[in-house]
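Below is one structure, written out as structure tokens; comments come after it.
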Amino acid sequence: MSYLLDKFCPHHTFETYEDFVDNFDILVPDNFNFAYDVVDEWARVEPEKNALVWCNDAGDERTFTFSEISHLSDKCANALSELGIKKGSIVLLILGRRWEYWVIATALFKIGAILIPGTVQLTKKDLVYRANAAGIDMIICADNDYVIDQVEQSRDQCPTVKNTLVVNGAQREGWLSFEELLEAGSEDWVRPIGEDATKNDDTLMIYFTSGTTGLAKMVRHNHLHPLGHIITAHFWQQVKENTLHLSVSDSGWAKFGWGKIYGQWICGATVFAYDMDKFIPANLLQKIQDYELTTFCAPPTMYRFMLQEDVGSYDLSSVQNFATAGEPLNPEVTRQWEKHTGLKIREGFGQSESVVLIATWPWIEPRAGSMGKPAALYNIRLLGEDGRYVPDGEEGEIVVTGLGRQIPVGLFVGYYNDPERTAEVFANDRYNLGDVAWRDSDGYFTFVGRNDDVIKCSGYRIGPFEVESALIEHPAVVECAITGAPDELRGLVVKATIVLAKGWDPSDVLVKDLQTHVKKTTAPYKYPRIVEFVDELPKTLSGKIKRKEIRAEDALGQ
């Protein structure tokens with residue numbers, strides 16, 4: 001078992017789920033710093049242990065040991081310090097899946113600077129807001145024409161940004177070359193002490209996360225956050241020491257932190273990074289086969305599209321555990337995946353504000369359509385509209401309770417520079433996630449939808465996930481999004497936006513067939529009165545369906 005897992009979590013073998021909940025704990029050291037206490041520590045005790053295997057669609061491949069990550073991050077820390085980056089400085093990284101992300105992030109943690117991950121989808125407006133809301137000192141991005149253009153357009157409105165660095169790119173006017181800086185950086189870096197050293201509650205990173213309305217919130221995680229991902233990696237994803245783990249995610253998303261660095265490296269696993277130009281299901285299946293991955297995690301939408309390929313023609317037998325998160329997993333998808341691979345997909349649930357909170361753990365059998373049961377460390381209840389906790393079988397908002405004395409390791413510690421919103425979100429010693437679910441008598445939680453996604457139609461409350469899962473069972477449907485569309489008579493009606501499988505074409509006959517299928521599969525009143533066929537659904541890079549975007553378009557079309 002992993003040396004560092006033993007160190008931070010001495011009791012990590014459990015016979016039952018109840019044993020896990022009752023006895024799991026994380027030993028929190030003083031002044032924990034992921035860069036020194038994980039990356040450099042692995043480099044010290046096992047210098048040749050592989051940390052990262054990186055490849056891309058162009059055929060490039062690189063393997064990095066922990067010693068190499070430690071060495072390169074020392075040089076990077078010195079180079080960034082020469083540019084004025086110090087403890088508390090804020091740096092935005094827009095690097096996609098470039099291998100440099102792991103080096104730069106480790107260097108920032110060594111300095112005590114604050115990391116903001118950013119997706120390559122950010123626009124000028126997004127960049128201006130982030131730079132001024134957080135006071136960003138530096139932007140580092142890959143040589144992506146779109147990203148470079150957006151950064152350059154935003155510069156005049158971002159007075160705090162002193163330097164911009166480009167990674168793996170040609171010389172650009174006004175941009176520093178990361179490669180030149182790294183080459184010139186001194187190899188001698190010493191862990192800061194005294195006031196320059198990081199403390200456990202210092203800010204490690206900030207995620208910008210959007211709700212259904214208003215500007216993006218700045219989710220603050222402290223230096224203990226990586227330790228919480230022991231739950232994510234070891235107990236849910238079931239990563240193994242010295243084996244390859246792939247979580248499919250761009251570095252701009254919290255899912256990257258869930259699956260491509262923190263818990264995986266604490267457990268001693270090797271992170272596999274596939275820097276894909278575009279998601280092509282067959283290519284991803286080929287990577288799983290060729291690199292003989294041991295554990296794998298991807299959003300449900302990727303499983304859906306991989307099932308459109310001949311999954312049985314690929315040798316996926318090396319994989320011991322398949323996991324998913326980001327959106328609810330439709331029961332038909334997990335049934336089909338088990339048919340081809342012999343393994344059920346284990347679902348996990350959480351937010352940018354947390355590590356995994358609910359999951360199908362090793363000791364419990366996955367149930368189609370269910371997220372599983374709560375993680376140890378987190379007391380999770382369902383809150384009704386009347387402010388009372390609901391009994392089993394009734395819908396309620398998911399809340400983490402018992403936060404009065406101390407916020408558990410892994411959960412965010414507030415919104416950056418926003419004490420009023422922080423006090424509001426932690427009112428009554430609990431954190432409300434804004435998601436609706438119900439729990440059965442065995443303790444399994446089933447997702448209903450975001451509070452704002454739940455459709456209230458003719459006096460009924462309709463959760464989108466149940467209707468989407470019913471439609472996915474029909475052979476014509478690859479994926480779909482259920483939303484509420486404006487209706488003069490009913491206020492809102494159920495709308496299905498559908499991507500068809502190969503060999504199927506839109507028709508009135510198919511619409512009727514799909515509506516009838518839903519009426520037979522679930523309650524008849526939940527059937528979609530409006531059906532729209534599209535080539536693709538609007539999604540984030542992490543694979544989440546943008547139902548808000550569909551609703552906005554429907555509202556404009558009234």
Side-chain angles (χ1 to χ4, degrees), residues 33-35 73 76-77 80 83-98 100-142 144 147-148 150-151 154-155 157-167 176 178 198 201-211 215-226 229 249-258 260-262 351-354 412-418 421-422 540-542:
N33 184 297
F34 180 79
S73 62
C76 183
L80 294 177
L83 293 174
I85 298 301
K86 58 185 183 298
K87 179 182 177 182
S89 296
I90 300 178
V91 180
L92 172 63
L93 297 188
I94 311 175
L95 292 174
R97 297 177 176 90
R98 288 291 311 174
E100 290 89 348
Y101 180 94
W102 285 265
V103 172
I104 297 171
T106 303
L108 293 175
F109 299 157
K110 286 183 173 181
I111 295 170
I114 299 169
L115 165 63
I116 296 180
T119 167
V120 296
Q121 289 181 327
L122 293 178
T123 65
K124 170 190 172 183
K125 179 181 177 182
D126 296 324
L127 290 165
V128 170
Y129 170 65
R130 282 160 172 74
N132 292 307
I136 290 173
D137 296 279
M138 177 183 290
I139 298 175
I140 305 177
C141 59
N144 176 304
V147 174
I148 296 289
Q150 298 303 307
V151 172
S154 69
R155 273 181 169 172
Q157 299 177 50
C158 303
T160 64
V161 177
K162 302 176 184 65
N163 289 296
T164 53
L165 277 66
V166 62
V167 168
L176 298 171
F178 171 76
T198 60
D201 196 44
D202 286 342
T203 303
L204 173 80
M205 63 192 308
I206 298 169
Y207 287 124
F208 277 78
T209 181
S210 298
L215 296 170
K217 297 170 289 187
M218 295 185 286
V219 175
R220 182 175 87 88
H221 285 292
N222 64 17
H223 277 265
L224 297 183
H225 180 67
H229 279 302
S249 176
D250 175 272
S251 63
W253 302 99
K255 182 71 186 303
F256 188 96
W258 279 44
K260 297 179 91 83
I261 183 167
Y262 303 123
Q351 294 183 321
S352 301
E353 287 88 343
S354 72
F412 82 122
V413 291
Y415 294 112
Y416 188 70
N417 286 345
D418 197 341
R421 176 175 276 178
T422 298
T540 67
L541 278 182
S542 62

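Remember, predicted model here, so these are calculated numbers, not experimental data. When a residue number appears, it is its place in the shown sequence, counting from 1. Atom set for the values below is all heavy atoms of this structure, side chains included, hydrogens, waters and symmetry mates excluded.
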Nearest heavy atoms of A131 and C158, plus distance in Å: CB-SG, 3.6 Å
Donor-acceptor contact below 3.5 Å, side chain W253 vs main chain P117: no
Exam field: side chain N132 to backbone Q157, donor-acceptor pair closer than 3.5 Å: yes
Whether W102 and F256 hold their rings parallel, tilted or perpendicular, with breakpoints at 30° and 60°: tilted
Spatial distance of atom NZ (K86) from atom CG (L80) [nearest 0.5 Å]: 13.0 Å
Ring pair (Phe, Tyr, Trp, His ring centres under 6.0 Å) evaluation trace for H223 with F34: CA-CA 7 Å; H223 277 265; F34 180 79; 9.9 Å; no
P226 side chain near L204 side chain, heavy-atom distance below 4.5 Å: yes
Interatomic spacing from OG in S354 to NE2 in H225 - rounded to 0.5 Å: 8.0 Å
Close side-chain approach of L115 to V91, heavy-atom, < 4.5 Å: no
Between T164 and R155: side-chain donor-acceptor atoms closer than 3.5 Å: yes
Check: D137 side chain, I90 main-chain N or O, donor-acceptor pair, under 3.5 Å: yes
Worked verdict on V167 versus I140 for side chain to side chain contact (heavy atoms under 4.5 Å, CB included): CA-CA 7 Å; V167 168; I140 305 177; 3.8 Å; yes
Side-chain heavy atoms of T203 within contact of H221, under 4.5 Å: no
Stepwise side chain to side chain contact (heavy atoms under 4.5 Å, CB included) test for K217 and R421: CA-CA 10 Å; K217 297 170 289 187; R421 176 175 276 178; 2.6 Å; yes
Over all atoms of both residues, closest heavy-atom pair of I114 and G88: CD1-O, 3.8 Å
Any donor-acceptor pair under 3.5 Å from N33 side chain to F109 backbone: yes
Side chain Y101, main chain I94, donor-acceptor under 3.5 Å: no
Partners passing ring pair (Phe, Tyr, Trp, His ring centres under 6.0 Å) against Y415 (at least two apart in sequence or in another chain): F412
salt_bridge(D202, K87) N-O dist < 4.0 Å: yes
Y416 side, atom OH; M205 side, atom CE - distance, nearest 0.5 Å: 14.0 Å
Exam field: side chain T119 to backbone Q121, donor-acceptor pair closer than 3.5 Å: yes
Q150 side chain reached by L122 side chain, heavy atoms, under 4.5 Å: no
Under 3.5 Å donor-acceptor, S251 side chain and G96 backbone: yes
Between K110 and S73: side-chain donor-acceptor atoms closer than 3.5 Å: yes
All salt bridge (charged side-chain N to carboxylate O under 4.0 Å, His left out) counterparts of K125, not counting sequence neighbours: none
Value rounded to 0.5 Å, distance of CG in L108 from CD1 in I116: 11.0 Å
I148 vs N144, side chain to side chain contact (heavy atoms under 4.5 Å, CB included): CA-CA, chis, key distance, verdict: CA-CA 6 Å; I148 296 289; N144 176 304; 5.5 Å; no
Short N-O contact, D250 and K260, less than 4.0 angstrom: no
Stepwise side chain to side chain contact (heavy atoms under 4.5 Å, CB included) test for S249 and W258: CA-CA 9 Å; S249 176; W258 279 44; over 6 Å; no
Atom pair CD1/CZ of I206 and R130 - distance to nearest 0.5 Å: 11.5 Å
Spatial distance of atom CG (L165) from atom CG (L83) [nearest 0.5 Å]: 6.5 Å
Test item: S154 side-chain N/O and L127 main-chain N/O as donor-acceptor pair under 3.5 Å: no
